[in-house]
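Only one structure is covered here, and it is reproduced in the block below.
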Amino acid sequence: MHTKFFVTTPIYYVNDKPHVGSTYTTVAADALARAYRLRGIPTLFLTGTDENSQKNLEAADKAGAKDLQSYLDGMALIWQKTWRELGITFDDFIRTTEERHHRAVEKFWKSVEQSGDIYKATYEREYCVGCESFKTPFDLQDGKCPLHPNRPLEKVSEENYFFRASAYAQDLLKLYHDKQDFVQPQSRQNEIRSYVKNAFEDFSISREAKKLACGISVPGDESQRIYVWFDALVNYMSAVGYGTDNKLFAKWWPATLHLVGKDIIKFHCALWPAMIMSAAKSDPSLRYANGEPKLPEHIFAHGFFTIEGQKISKSLGNAVDPLDLVKKYPFDAVRYYLLREISFGEDGDFAAQRLEDRYASDLANNLGNLVNRSVSMSRKYFDNRIPTTNIQETLRGLPETVWGGADNLEGLWQTVDQYIEASRWDMALEAIWSGEAVSLSAANKYVEQTQPFRMIKENPENAAKVLYTLLEACRHFAWMVEPVMPNVAADIIRQLGQDPETERQKGIKELKKWGGLQPGAELPEPKILFPRLENKKI
RNA sequence: CGCGGGGUAGAGCAGUUGGCAGCUCGCCAGGCCCAUAACCUGGAGGUCGUGGGUUCAAGUCCCACCCCCGCAACCA
């Protein structure tokens, strides 16, 4: 595990409100952030909005906003509000129109300039507004942008500033080679490698101010504005004090993990590290003691969604508003579904039916039912209390049963931690649900094999052991899934007669130990964790 | 020679470093009765797109081929 965890989402364009795509990225980041916080690791979770884009200007006009700034303010608020309602625990929200960001960009630009990697050149090329990037003949297909064939290319002939990105191609290739997990999943690293190898050119990083109504001015040249990507990427640094708070910056940079969609990997995995390599040459705060540039440690590119098998599209009316979603389903369930159903890094499909299946099967039948039956039996047979038993004797399961005991539980914790470190919640959750010796499934089997409801008559001592084991296991499972389903986890802890906040204070080491439940403690009346979803079609 | 994703049981999907082909749902037959008609056991169901190759061993690596999906705008 890391000594600190600084995770970011991309900054989102505010030309629209959040939808499942941005929600997916942000929920994934949130679950990771919560996991590290729970583990006592200093965590900073950053998200925000990209407000210097021409697209926003178009959107503001379209929305009939009285001026750009009030439009941006309104949208930024909507994004923040949406995230809060989805239980997103971001620590900071950066807006690229903020002063701190402007100062960071300015400093960054100057560093790159000082390193000799900014030069002026006149050139004529095609600019695609859709991509917000220049296209080389190599990029074009039939003279059109292959991504936006119906959007006319702008012929641009002007004097701009360029970033000498090509000078870093070799260093980037070396980086990918030396650090196999710099870009994940592996297939994306391959893609990036071939891009850098074959098509990595210098970037134009400014436009004439008179043609661009918004954006940050080039330091020392008011007639030019900084290209949106060159500005946007720096947000990851400006939020942690680059150019404004050296101490803060030293504490948090470099980022541990940039979470991005697969469409923007070129910018994050090639341009961004190249920019840092350059700036680091003249800015010691961007270098380690050994002189190496402080690059982000990992970049994870997730896949895209289809909705019910179809591409997300407003004209089809299938864009899902996350706020509508959490009106229909508990947000814990939505979070669980997003993180469990799609293998992180792959494309996936969002289907209401699947969500409901998972809800009924994984959540209600397995998790909810296990907690409910365990608590109910304990209350019934042991006077509304956690059975009194010798905890030492519950370290192992009864002979001839599947239950693997405390050692295996420790192993499961390790597995979960390992998958979290790889950002693979899908795998972590699968292990919790259906691992061999210790899991929700194993716990349910343990009930069948030992039959405490029968055992209570013949061998109450063993029944006490089994039930204590089940309750204690539930406590562990609750903490394992807490980052994904914070409300559900808290409910389980309460049903076990503990206070979630008091428990959390004890720290992860304590929580991971076997025997956290006090034998003989009172058990409150259990409530259904996952009520049936009747007629709740989305 | 555009870019990318994918073809594994009826449906939906996993398969990190090559080592008996798995999961969820559905279906069939049992069990249990603590529990949210939940839980457990057993079973049927697969030429892992096709053809070659490497290997003691390939869904997994290599080569060729076939098929499907996305790529106006919105957009991770």
Side-chain angles (χ1 to χ4, degrees), chain A residues 9-10 12-13 15-26 28 55 58-59 129-130 138-142 144-152 181 184-188 191 194-195 199 259-265 301-306 309-316 319 340-343 346-349 351 353-354 356-358 360-381 402 418-419 422 424 426-427 430 433-434 441 443-456 463 466-467 470 526-532:
Chain A
T9 73
Y12 303 108
Y13 286 134
N15 52 2
D16 201 1
K17 57 189 180 176
H19 72 324
V20 252
S22 35
T23 301
Y24 181 53
T25 318
T26 309
K55 285 185 188 176
E58 292 166 14
V129 181
F138 183 85
D139 295 325
L140 300 178
Q141 189 187 1
D142 302 329
K144 293 170 184 169
C145 169
L147 294 169
H148 306 91
N150 289 359
R151 196 144 181 177
D181 59 353
Q184 291 168 294
Q186 188 67 48
S187 58
R188 296 298 165 202
E191 189 182 338
S194 81
Y195 162 66
L259 236 45
V260 300
K262 65 177 182 180
D263 55 331
I264 49 177
I265 53 173
H302 66 250
F304 277 10
F305 270 106
T306 49
Q310 287 190 303
K311 182 181 157 54
I312 296 177
S313 144
K314 277 188 187 143
S315 50
L316 284 175
R340 172 66 185 87
E341 177 80 355
I342 289 103
S343 26
E346 303 294 313
D347 286 349
D349 185 46
Q353 187 59 55
R354 292 291 303 156
E356 292 180 13
D357 286 351
R358 289 275 182 198
S361 162
D362 295 0
L363 298 181
N365 295 354
N366 289 328
L367 177 57
N369 188 231
L370 176 68
V371 172
N372 198 241
R373 71 199 304 206
S374 305
V375 173
S376 296
M377 279 190 276
S378 300
R379 281 172 53 86
K380 202 173 213 168
Y381 308 139
V402 285
Q418 211 173 302
Y419 283 132
R424 292 298 300 270
D426 54 310
M427 304 282 267
E430 190 185 8
W433 257 258
S434 42
S441 159
N444 274 320
K445 283 178 187 154
Y446 194 44
V447 175
E448 299 308 317
Q449 289 180 338
T450 57
Q451 306 203 316
F453 40 86
R454 176 174 296 173
M455 196 181 250
I456 188 66
V466 169
L467 285 171
L470 291 170
K527 285 191 206 89
I528 298 294
L529 282 169
F530 302 98
R532 295 284 157 196

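It should be emphasised that the depicted structure is a prediction, and the values quoted were computed from it without experimental measurement. To find a chain, count down the sequence lines: A is the first, B the second, and so on, and within it residues start at 1.
Nearest nucleotide to the A/R188 side chain, out of B/rC34, B/rA76, B/rG4: B/rG4. Each of B/rC34, B/rA14, B/rG4 was ranked by its minimum atom distance to the side chain of A/K262; first place goes to B/rG4.
Regarding contacts with the backbone of B/rU36, every side-chain N or O of A/K527 stays at 4.0 angstrom or more from both OP1 and OP2. An OP1 or OP2 oxygen of B/rC33 is reached within less than 4.0 angstrom by a side-chain nitrogen or oxygen of A/R454. Phosphate proximity of B/rU24 to A/S361: absent, as no side-chain N or O sits under 4.0 Å from OP1 or OP2. Dashed line: the shortest gap from a side-chain N or O of A/R424 to OP1 or OP2 of B/rG15 is under 4.0 Å.
Here, B/rG15 and B/rG46 have their C1' atoms 15 Å apart, quoted to the whole Å. Comparing the P positions of B/rG59 and B/rU17 gives a spacing of 15 Å, expressed to the nearest Å. A gap of 25 Å separates the P atoms of B/rA64 and B/rG19, to the nearest Å. For the P atoms, the distance from B/rG45 to B/rC69 is 32 Å, rounded to whole Å. Remark: the separation of the P atoms in B/rG70 and B/rG31 is 49 Å, to the nearest Å. Rounded to the nearest Å, the gap between the P atom of B/rC20 and that of B/rC32 is 36 Å. For the C1' atom pair drawn from B/rU36 and B/rA29, the interatomic distance equals 25 Å after rounding to whole Å.
Under the 4.5 Å side-chain criterion, counting only non-hydrogen atoms from C-beta, A/D347 is in contact with A/K262. Between A/S343 and A/M427 there is no side-chain heavy-atom pair separated by less than 4.5 Å. Between A/Y419 and A/D426, every side-chain heavy-atom pair lies at or beyond the 4.5 Å cut-off. Looking at A/I342 and A/Y24, their side chains come closer than 4.5 Å, going by heavy atoms from C-beta outward. Within the 4.5 Å cutoff, no side-chain heavy atoms of A/F530 are placed close to those of A/N365.
Between the NZ atom of A/K445 and the P atom of B/rA38 there is a distance of 18 Å, rounded to whole Å. One can place CG of A/N365 at 6 Å from P of B/rA38, the figure rounded to the nearest angstrom. One atom, NE2 of A/H302, and another, P of B/rG4, lie 18 Å apart when rounded to the nearest Å. One interatomic measurement links the two molecules: CG of A/D426 to P of B/rU16, which rounds to 12 Å at whole-angstrom precision. At whole-Å resolution of the value, CD in A/E191 and C1' in B/rG6 are 15 Å apart. Nucleotide B/rC13 holds its C1' atom 17 Å from the CH2 atom of A/W433, rounded to whole Å. Rounded to a whole Å, the CD atom of A/E346 is 15 Å from the P atom of B/rG4. With rounding to whole Å, A/K17 atom NZ is found 17 Å from B/rC74 atom P.
Within 4.0 Å of A/Y381, counting heavy atoms only, lie sugar-phosphate atoms of the nucleic acid but no base atom. Among the heavy atoms of the strands lying under 4.0 Å from A/L529 is at least one base atom, whether or not backbone atoms are also near. Heavy atoms of A/R379 sit nowhere under 4.0 angstrom from any nucleic acid atom. Counting any heavy atom pair closer than 4.0 Å across all strands shown, A/G303 reaches a base atom. Heavy atoms of A/Y24 sit nowhere under 4.0 angstrom from any nucleic acid atom. Among the heavy atoms of the strands lying under 4.0 Å from A/G21 is at least one base atom, whether or not backbone atoms are also near. Residue-level contact check: A/N366 touches the backbone only, with heavy atoms under 4.0 Å from sugar-phosphate atoms and none from bases.
If you check the side chains of A/E448 and A/N444, you find no donor sitting under 3.5 Å from an acceptor.
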Atom pairs, N/O to N/O, protein against nucleotides 20-23 of chain B, distance under 3.5 Å?
none

Which pairs, protein N/O on one side and nucleotides 26-31 of chain B N/O on the other, fall under 3.5 Å?
unit_1 : atom_1 : unit_2 : atom_2 : d
B/rG31 : N2     : A/E448 : OE1    : 3.4

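Mapped onto RNA chain B by nearest heavy atom, A/F453 and A/D362 fall at different nucleotides, with A/D362 at the one closer to the 5' end. Two residues, A/N372 and A/D347, neighbour RNA chain B, and the one matched to the more 5' nucleotide by heavy-atom proximity is A/D347.
No donor-acceptor pair closer than 3.5 Å links the side chain of A/H302 to the backbone N or O of A/E346.
Counting only Watson-Crick or G-U wobble pairs whose defining distances are both under 3.5 Å, the stems of 3 or more consecutive pairs in RNA chain B are B:2-7 with B:66-71, B:10-13 with B:22-25, B:27-31 with B:39-43, B:49-53 with B:61-65.
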